[in-house]
K.L.:
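My questions all concern the structure below.
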Protein chains: 2
Amino acid sequence: MASSRPSYARIKEYLLSEIESGAYVAGDRIPAENALATQFGVSRMTANKAIRDLVQKGLLVRRVGSGTFVSQRKSESSLFDIRNIADEIRLRGGEHSSQIIALKEVAASEEVAVFLGVRTGTRVFYSEIVHRENGVAIQLERRHVNPKLAPDYLQQDFERQTPNAILVARYPVTDVENSVEAMLPSDEEAALLEMSPSDACLLVVRRTWSGELLISYTQLLHPGKRYKLNASRNT
Amino acid sequence: MASSRPSYARIKEYLLSEIESGAYVAGDRIPAENALATQFGVSRMTANKAIRDLVQKGLLVRRVGSGTFVSQRKSESSLFDIRNIADEIRLRGGEHSSQIIALKEVAASEEVAVFLGVRTGTRVFYSEIVHRENGVAIQLERRHVNPKLAPDYLQQDFERQTPNAILVARYPVTDVENSVEAMLPSDEEAALLEMSPSDACLLVVRRTWSGELLISYTQLLHPGKRYKLNASRNT
DNA sequence: TAGTGGTCTAGACCACCCC
DNA sequence: GGGTGGTCTAGACCACTAA
């Protein structure tokens with residue numbers, strides 16, 4: 001069925017488009033819950049849900065007795081953006097190369113299933129690639145992809161295009177979630193990254209969405225001595 | 001009236017205390033919305049609100065058709081947030097404590113001078129504090145502050161307020177620059193963080209500005225096993 | 001005083017998961 | 001099939017803000 005989408009999603013989209021188009025700018029007051037409820041023919045609680053979600057994203061702020069306003073926040077950093085590693089390396093003037101370690105279909109483990117939003121045991125695509133800058137290994141990329149969203153994922157030429165570039169070309173990425181932690185590599189991971197197993201690694205776990213579709217769940221492991229993340233924020 | 005506290009607050013407190021006391025541990029399923037609603041004599045939507053808040057804090061995760069579970073997440077923080085560690089911890093329902101390691105005036109080393117934008121050898125303020133969540137060390141904060149911008153920095157009560165809060169109160173932070181890397185701690189650092197020197201650490205190097213003024217240069221060292229950074233982007 | 005968000009009710013239907 | 005969370009309704013009272 002085409003439209004089983006929740007009602008509050010329509011209201012969120014409306015508000016987002018008004019903000020994006022500039023109809024509402026930072027500091028502007030948006031319509032009250034009651035007004036939105038009437039306008040969209042829903043109950044106040046439903047309008048409330050839409051607003052609540054946008055507040056959580058940081059796009060709106062609420063003041064009791066006063067109203068709901070477009071937040072002042074400006075754009076966030078770009079280095080946590082979806083830039084793919086190949087572009088990043090080229091941007092620094094380095095030469096990027098890919099070494100394909102594995103390329104297959106696997107049954108989703110519980111961990112992967114949870115993160116990818118599928119049932120445990122579902123067949124998912126898996127790629128494992130070592131990325132090098134001027135021949136030096138700087139990233140081990142392990143990616144799980146929902147096969148429903150990219151049925152021919154495994155047939156791509158990963159020597160020429162990174163998984164990221166392939167997926168982005170197909171689905172515009174709208175949401176990214178990253179987490180960053182430090183850990184020690186396993187012996188196998190250290191060998192693939194050509195580093196000492198007793199040195200620290202930086203692990204980035206990344207999920208990307210295109211609208212409501214969760215596209216992929218990726219682990220990016222970097223040798224601590226050869227890689228650093230940057231992020232700035234301007235208010 | 002005496003008790004103007006919302007009903008959902010009682011439910012939140014109940015769940016928090018059950019989690020903190022260990023009655024529910026990571027992975028456990030908590031009572032369903034209907035059960036909580038009955039137990040506390042409220043409507044389901046009110047129980048929902050309590051759970052929703054705890055999900056947002058990251059303490060619970062929900063799975064449709066299955067239940068609501070205690071999350072197993074590590075301590076987290078957002079890269080783009082200038083929120084101070086104490087608020088972060090309290091937001092998760094934890095208890096924050098500070099242990100002052102050093103508080104003094106030092107001559108800026110070359111590294112510090114470069115990052116802080118002063119001449120080498122200039123006297124700068126230096127604070128070194130271990131932050132704990134429920135008694136567990138999760139951050140070693142080393143901060144260099146330009147004395148011209150906060151002449152009474154060293155006279156503050158760092159047991160009660162974090163350096164961040166003190167500086168933010170004085171200067172609204174407009175720009176933040178972070179870099180993140182993984183490394184092994186020195187023996188001294190490991191001792192302060194009560195961790196093994198052979199385990200990985202997450203190092204965040206942060207500079208904050210207020211307008212054109214560079215306020216401080218800070219190193220935040222975290223045990224890899226107890227801390228994780230988060231960064232999301234929504235379009 | 002009129003409008004706003006904060007909270008709350010007592011129901012309801014649905015998709016999904018697990019048995 | 002029975003339980004779970006996701007969504008939704010059509011009302012309500014309150015504290016707060018602003019005019």
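The sequence lines fix the lettering, A, B, ..., with proteins before strands; numbering per chain opens at 1.
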K.L.:
When you check the side-chain N and O atoms of Arg62(A) and Thr68(A), is any donor under 3.5 Å from an acceptor?
P.N.:
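Note: Arg62(A) and Thr68(A) side chains meet the donor-acceptor criterion.
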K.L.:
CG of Leu60(A) versus P of dG5(C): gap in Å, rounded?
P.N.:
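From Leu60(A) CG to dG5(C) P: 11 Å.
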K.L.:
Would Glu33(B) and Lys49(B) pass as an ion pair if we require N to O under 4.0 Å?
P.N.:
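Salt bridge between Glu33(B) and Lys49(B), a charged N being under 4.0 Å from a carboxylate O: no.
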K.L.:
Could you tell me how far apart Met45(B) (CE) and dA12(D) (P) are, to the nearest whole angstrom?
P.N.:
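In whole Å, dA12(D) P and Met45(B) CE are 18 Å from each other.
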K.L.:
To the nearest Å, how far apart are Asn48(A) CG and dG6(D) C1'?
P.N.:
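Answer to the nearest Å: 15 Å.
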K.L.:
Side-chain N or O of Thr46(B) versus OP1/OP2 of dT9(C): is the shortest distance under 4.0 Å?
P.N.:
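So the side-chain polar atoms of Thr46(B) do come within 4.0 Å of the phosphate oxygens OP1 or OP2 of dT9(C), strictly under.
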K.L.:
Answer yes or no: is there an ion pair linking Arg226(B) with Glu181(A), defined by an N-O contact shorter than 4.0 Å?
P.N.:
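Not counted as a salt bridge, because no side-chain N and carboxylate O are separated by less than 4.0 Å.
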K.L.:
When the distance from NZ of Lys49(B) to C1' of dT9(C) is rounded to whole Å, what number comes out?
P.N.:
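In whole Å, dT9(C) C1' and Lys49(B) NZ are 16 Å from each other.
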K.L.:
Under a 3.5 Å threshold, yes or no: a donor from one side chain and an acceptor from the other, between Thr218(B) and Arg206(B)?
P.N.:
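Note: Thr218(B) and Arg206(B) side chains miss the donor-acceptor criterion.
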K.L.:
Does Ser43(B) make a side-chain N or O approach to OP1 or OP2 of dC8(C) shorter than 4.0 Å?
P.N.:
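For Ser43(B), the contact criterion (side-chain N or O under 4.0 Å from OP1 or OP2 of dC8(C)) is not met.
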K.L.:
Would you tell me if any nitrogen or oxygen in the side chain of Arg62(A) comes within less than 4.0 Å of OP1 or OP2 on dG6(C)?
P.N.:
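Yes, Arg62(A) has a side-chain N/O under 4.0 Å of OP1/OP2 on dG6(C).
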K.L.:
Can Phe158(A) and Tyr153(A) be said to form a ring-ring contact (aromatic ring centres under 6.0 Å, His included), step by step?
P.N.:
CA-CA 10 Å; Phe158(A) 291 100; Tyr153(A) 178 71; 5.1 Å; yes
K.L.:
Does Tyr8(B) put a side-chain nitrogen or oxygen below 4.0 Å from OP1 or OP2 of dT7(C)?
P.N.:
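It does, given that an N or O in the side chain of Tyr8(B) lies less than 4.0 Å from OP1 or OP2 of dT7(C).
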K.L.:
By the 4.0 Å heavy-atom rule, please label Arg44(B) as base, sugar-phosphate, or nothing.
P.N.:
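Since a base atom lies under 4.0 Å of Arg44(B), the category is base.
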K.L.:
With distance as the sole criterion, is a donor-acceptor pair present between the side chains of Thr208(B) and Ser216(B) under 3.5 Å?
P.N.:
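The criterion, which ignores hydrogens and geometry beyond distance, is satisfied for Ser216(B) and Thr208(B).
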K.L.:
In whole Å, what is the span from the CZ atom of Arg5(B) to the C1' atom of dA15(D)?
P.N.:
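Arg5(B) atom CZ is separated from dA15(D) atom C1' by 17 Å.
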K.L.:
Quick check on DNA chain C: between Ser66(B) and Gly67(A), whose nearest nucleotide comes earlier from the 5' end?
P.N.:
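With Ser66(B) and Gly67(A) compared, the 5'-side residue is Gly67(A).
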K.L.:
Pull out every residue in residues 32-40 of chain A that has a heavy atom closer than 4.0 Å to any atom of DNA chain D, ordered by number, or say none.
P.N.:
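Hits under 4.0 Å, by residue number: none.
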K.L.:
Indicate whether the side chain of Glu141(A) and that of His131(A) have a donor and an acceptor atom separated by less than 3.5 Å.
P.N.:
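Judged by distance alone, the side chains do pair up.
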K.L.:
Think Ser7(A) has a side-chain N or O under 4.0 angstrom from the OP1 or OP2 of dC8(D)?
P.N.:
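Yes, Ser7(A) has a side-chain N/O under 4.0 Å of OP1/OP2 on dC8(D).
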K.L.:
Hey, does the side chain of Thr68(B) come within less than 4.0 Å of dT4(D)'s phosphate (OP1/OP2), counting only N and O?
P.N.:
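No, no such contact exists.
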K.L.:
For the pair made of CZ in Arg29(A) and P in dT17(D), what is the distance, rounded to whole Å?
P.N.:
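In whole Å, dT17(D) P and Arg29(A) CZ are 15 Å from each other.
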K.L.:
How many Å lie between CG on Asp53(A) and P on dG6(D), as a whole number?
P.N.:
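Rounded to the whole Å, the gap is 12 Å.
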K.L.:
Write down the distance between CD1 (Ile30(B)) and C1' (dG5(D)), rounded to a whole number of angstrom.
P.N.:
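Between C1' of dG5(D) and CD1 of Ile30(B): 11 Å.
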